[in-house]
Amino acid sequence: MSDVADLEGSTLAAVAAAADLAALDTVRVAALGKAGNVTALMKTLGAMSPEARLVEGPRLNALRDTIAAAIAARKTELEAAALDARLASESLDMTLPVSPGPAGTVHPVSQVMDELAEIFADLGFAVADGPEIEDDWHNFTALNIPESHPARAMHDTFYVAQGEQPAPAGHPAAGGVIRHLLRTHTSPVQIRTMLASPPPIRIIAPGRTYRSDSDATHTPMFHQVEGLVIDRGIHLGHLKWTLETFVKAFFEVDDITLRLRPSYFPFTEPSVEVDVGCSWRGGTLSIGGSESWLEILGSGMVHPRVIAACGLDPDEWQGFAFGCGIDRLAMLKYGMTDLRAFFDGDARWLRHYGFKATDVPTLSGGVGA
Ligand code: DAH
């Protein structure tokens with residue numbers, strides 16, 4: 001009887017005296033742990049006579065519960081005290097600037113690619129990509145530019161040394177010889193997309209392209225975005241509406257006039273070159289109005305031979321495609337004059353023309369805001 005009372009008294013005193021959570025846990029283990037003294041007392045119940053157990057059982061259970069409750073209460077107290085101490089000693093000055101300050105900027109080319117993805121996603125287009133090291137079948141042949149076609153010469157192609165090999169099994173050009181090259185345009189992604197997934201197709205494919213060319217408006221590596229729609233009953237009206245919607249959203253100007261000029265591309269029939277109307281404001285030419293024209297892209301209805309090369313029936317499936325220089329779009333929208341500076345990696349240029357990483361383009365916020 002006095003054993004139990006003593007044990008209760010001494011344990012409760014130890015609980016009250018525990019100065020921190022670690023000390024409290026030591027008390028808990030000494031009393032209620034596997035080898036604890038309360039646990040040891042509980043174990044004696046097994047050897048008692050039923051009459052004795054009837055008396056001792058409730059007493060020992062009450063002892064264990066009292067101690068457990070005291071430990072839980074002290075734990076809450078100590079935790080609250082520990083939190084108060086942390087709150088009192090730790091402080092955070094929310095007005096301090098971010099350190100180190102934001103360093104890099106988003107390159108205008110990446111920014112424009114993000115803007116394009118945002119605008120076209122709203123129209124139901126997915127983003128597709130393809131390899132930069134292509135083969136001549138995807139880059140030319142499947143796009144209706146056969147071996148002897150003058151367009152091959154016009155593309156100033158970089159061929160890969162020793163890149164010539166018999167088309168491997170499963171390659172769409174099977175049986176022939178393929179030559180590897182750096183893709184001269186993003187149009188081969190049209191081919192890869194049509195081969196990989198059944199229509200309807202709505203994609204844009206932004207990416208790097210290469211041609212052996214260099215001056216203030218041409219660099220050996222540059223960026224294009226390709227657009228492709230394949231479905232039933234597609235016509236030039238769909239193309240014109242899509243391009244108008246894109247150009248309005250991209251330049252953030254409602255007063256947009258497009259001029260479609262008949263042109264020629266081997267992979268489209270009919271083919272059009274698209275000019276955007278612009279006008280002089282305060283000595284500079286800006287997008288909108290129709291005083292003057294700037295060519296912005298090439299497009300047309302996908303040639304039936306291209307559709308057939310991808311294993312689709314051109315009587316059932318039609319589509320339109322367009323291809324546009326991303327660097328040029330960036331220059332027109334953000335006012336750079338020399339394309340070469342895009343690729344110099346000059347930190348001053350990047351700070352001036354770059355974008356904050358946190359300014360993600362959104363249609364509601366204005367894509368280029
Ligand atoms: N691939 C063409 C080029 O690099 C651009 C182009 C024109 C792409 C018309 C198209 C298109 O998809 O329909 O010059």
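All figures in this text were calculated on a predicted structure; none of them were measured in a lab. As a basis for the values below, the full set of heavy atoms in this structure was taken, side chains included, without hydrogen atoms, waters or symmetry mates. Atoms within each ligand, like the ligands themselves, are counted from 1 in listed order.
- Lys240 and Glu244 are joined by a salt bridge, as a carboxylate oxygen and a charged side-chain nitrogen come within less than 4.0 angstrom of each other.
- Taking 4.0 Å as the cut-off between side-chain N and carboxylate O, Arg179 and Glu147 count as a salt-bridged pair.
- Around ligand 1 you find His185, Ser187, Gln190, Arg211, Gln224, Glu226, Phe265, Phe267, Thr268, Gly298, Ser299, Gly300, Ala321, Phe322, Gly323, each with a heavy-atom distance below 4.0 Å.
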Check your understanding: After noting the C-alpha distance and the side-chain angles of His171 and Asp135, does the key distance pass the side chain to side chain donor-acceptor pair (under 3.5 Å) rule?
Key -> CA-CA 10 Å; His171 191 283; Asp135 59 59; 2.9 Å; yes

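- Remark: Asp136 pairs with no residue by the side-chain hydrogen bond (donor to acceptor under 3.5 Å, both in side chains) rule, at least two apart or across chains.
- Electrostatic pairing of Arg305 and Glu269 does not count as a salt bridge here, judged by no charged N lying under 4.0 Å from a carboxylate O.
- The aromatic ring centroids of Phe246 and Phe125 lie 6.0 Å or more from each other.
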